[in-house]
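Report on the following structure.
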Amino acid sequence: MRYRTTEIWKSVDWVTILLYVIMVIAGWFSICGASYEFDNTGLFDPSGRPGMQMIWIATSFVLIFILLMLESDFFEIFAYLIYAVVIVLLVVTIFVAPNIKGSHSWLVLGPIRLQPAELAKFATALALAKFMNGYGFKLTTCKNFLIALGMIFLPMVCILLQRETGSALVYLAFFLVLYREGMTGYVLLTGICAVAYFVIGMKYSGVMAGITPLGELIVSCLVLLITTGLIGSVGKDQKTVRWILYATVGAFLAGYIVSLFVPVNFAWISLGLVGLTSLYLLYLSLRGWVRHYALIALFALGSIGFLYSVDYMFNEILESHQQIRIKVSLGLEDDPTGAGYNVNQSKIAIGSGGLTGKGFLNGTQTKLKYVPEQDTDFIFCTVGEEQGFVGASAVLLLFGAFILRLIVLAERQDNTFGRVYGYSVASIFLFHLVINVGMVTGLTPVIGIPLPFFSYGGSSLWGFTVLLFIFLRLDASRKER
């Protein structure tokens, strides 16, 4: 046993562990700055948040020891069982969890509150890794791809039913893993384009240039541009690309000449060009049985259909608080005392920190509690206020080094299980970092997800710790084989 323990500690990646320890310690100091009150409890008093977080950190180190002592095969053998147990927990949570700030995502067990959604991340990563490690597995087959999607969307739907939209959106990070393992780039492109269409459609909804709806014109021109690019890059059909460019220039030039005499809706011109291009691509596909022409045509037509569904999705599917958050983020509404309050106060706190910050426990915005959730979802504003631009940049660089290290470890795995799980870990951390910092600085809507190792909370810290150290145990096992 002593020999085995010595070998594990020699094999484990100490660079990643060092980065983890630095972030956990820096996170604890940030929580102190965000929640400590001088006339109240001490920093290590368990009745206060800094003291309680210290307890979570101590128990996390116990979890680390347990995870590293387990056989590496344990995680692959019991991956499906762990996934099933967590799914059951998620379903139970929907019905028995109390209403806490509008969501039903916390199981209350006496003095302990547990959020199963945090545990579902590593469980989903394990199950997906085991599935993709099967003999002869190919993600390009329709059956395998649909099963992989089902494994990702099942916990996502359960969490949505708990009214935890932010935690559910984290599961979109798994699409980066699928892309690494062979998923067509069309899927990622479609997702990115859908976000762009939604933002542009909402931003310019109702804005008119003469009789031309500006949102429809911009999106339809963007669809035409992307479609033309796909024909040239994927289909290698430069002749069709030239004809589309000639037709586009000619149509808009003719439209401009006509507009000198009568009003012209230029959106109709661009929409007509998209429609004609799609019909021509379908003709080429049927004539030569070339699949990519049909896929590009469906992408173009689907993009236009999505554009005209934006208003319905926004007004009928999203909740009212989600609508106002998106409008505030896009600058469509100014709500400094309502939905925009958190972000405005967060920006003030970060800006007041200047270059080097006000110093530990000297943040005025945080001490006066101007920023709601300043020790959980908005913890980054505390870093910006107390440590300034230098401290905030250091945190971002620390996370960047951490995520790059995870990618390096994932690439050096000698089996698919370890590689897929490693990329899942890196993708989840990347998603949390980008969205959390984005919402604190006003670049993305506020959806309420924590900053790993910095935000206060036992479930969050435990979830990220387990997620990470399962991977480090798998990585250490390379030298055991």
Side-chain angles (χ1 to χ4, degrees), residues 13 16 67 70-88 90 117-159 167-192 403-432 463-464 466-481:
D13 186 70
T16 307
L67 290 170
L70 290 172
E71 293 287 346
S72 61
D73 293 340
F74 172 87
F75 302 108
E76 184 172 3
I77 293 171
F78 292 100
Y80 289 153
L81 179 60
I82 294 171
Y83 179 77
V85 170
V86 170
I87 292 297
V88 171
L90 289 175
E118 293 296 332
L119 306 178
K121 296 169 189 173
F122 80 83
T124 304
L126 283 174
L128 190 65
K130 180 170 183 176
F131 175 64
M132 297 177 74
N133 193 42
Y135 178 76
F137 176 87
K138 289 184 179 180
L139 188 61
T140 52
T141 63
C142 185
K143 178 183 176 182
N144 287 340
F145 183 64
L146 291 177
I147 293 174
L149 288 183
M151 298 175 78
I152 295 170
F153 284 130
L154 179 57
M156 188 175 180
V157 170
C158 291
I159 296 169
S167 297
L169 291 177
V170 172
Y171 288 80
L172 297 178
F174 285 104
F175 279 86
L176 296 176
V177 182
L178 298 183
Y179 179 68
R180 166 61 182 82
E181 295 302 314
M183 181 184 73
T184 175
Y186 277 121
V187 177
L188 278 185
L189 176 64
T190 301
I192 294 170
I403 292 169
L404 287 175
R405 184 63 183 175
L406 291 177
I407 293 173
V408 169
L409 297 186
E411 279 295 332
R412 76 181 188 185
Q413 299 305 302
D414 53 11
N415 61 49
T416 303
F417 182 81
R419 185 179 68 247
V420 171
Y421 186 82
Y423 268 100
S424 298
V425 175
S427 299
I428 289 170
F429 279 113
L430 177 63
F431 189 94
H432 270 271
F464 287 123
V466 172
L467 179 73
L468 173 63
F469 278 88
I470 287 177
F471 179 48
L472 293 184
R473 180 64 186 93
L474 294 174
D475 179 67
S477 68
R478 294 180 309 109
K479 297 181 180 180
E480 297 175 9
R481 288 190 283 268

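In this structure, Leu430 and Leu406 have side chains that are not in contact, with every pair of non-hydrogen atoms separated by 4.5 Å or more. Side-chain contact between Val86 and Pro155 is absent, with no heavy-atom pair separated by less than 4.5 Å.
Centroid-to-centroid, the aromatic rings of Phe137 and Phe131 come within less than 6.0 Å. The aromatic ring centroids of Phe78 and Phe74 lie less than 6.0 Å from each other. Ring centroid separation for the pair Phe464 and Phe122 does not come in under the 6.0 Å cut-off.
Distance check, rounded to the nearest 0.5 Å: CZ of Phe471 to CD of Gln413 gives 4.5 Å. Annotation: the span from Leu176 atom CG to Ser424 atom OG amounts to 10.0 Å, rounded to 0.5 Å. Distance check: Ile159 CD1 to Phe153 CZ gives 12.5 Å after rounding to the nearest 0.5 Å. In this structure, Leu139 CG and Met183 CE are separated by 7.5 Å, a value rounded to the nearest 0.5 Å. The structure places CG of Leu472 at 6.5 Å from CG of Asp13, a figure rounded to the nearest 0.5 Å.
The pair Asp414-Arg419 does not count as a salt bridge, with every side-chain nitrogen at least 4.0 angstrom from each carboxylate oxygen. Salt bridge absent: Glu181 and Lys138 never bring a charged side-chain N and a carboxylate O closer than 4.0 Å.
In this structure, Lys130 is positioned above the aromatic face of Tyr80, its NZ or CZ under 6.0 Å from the six-membered ring centre and within 45° of the axis.
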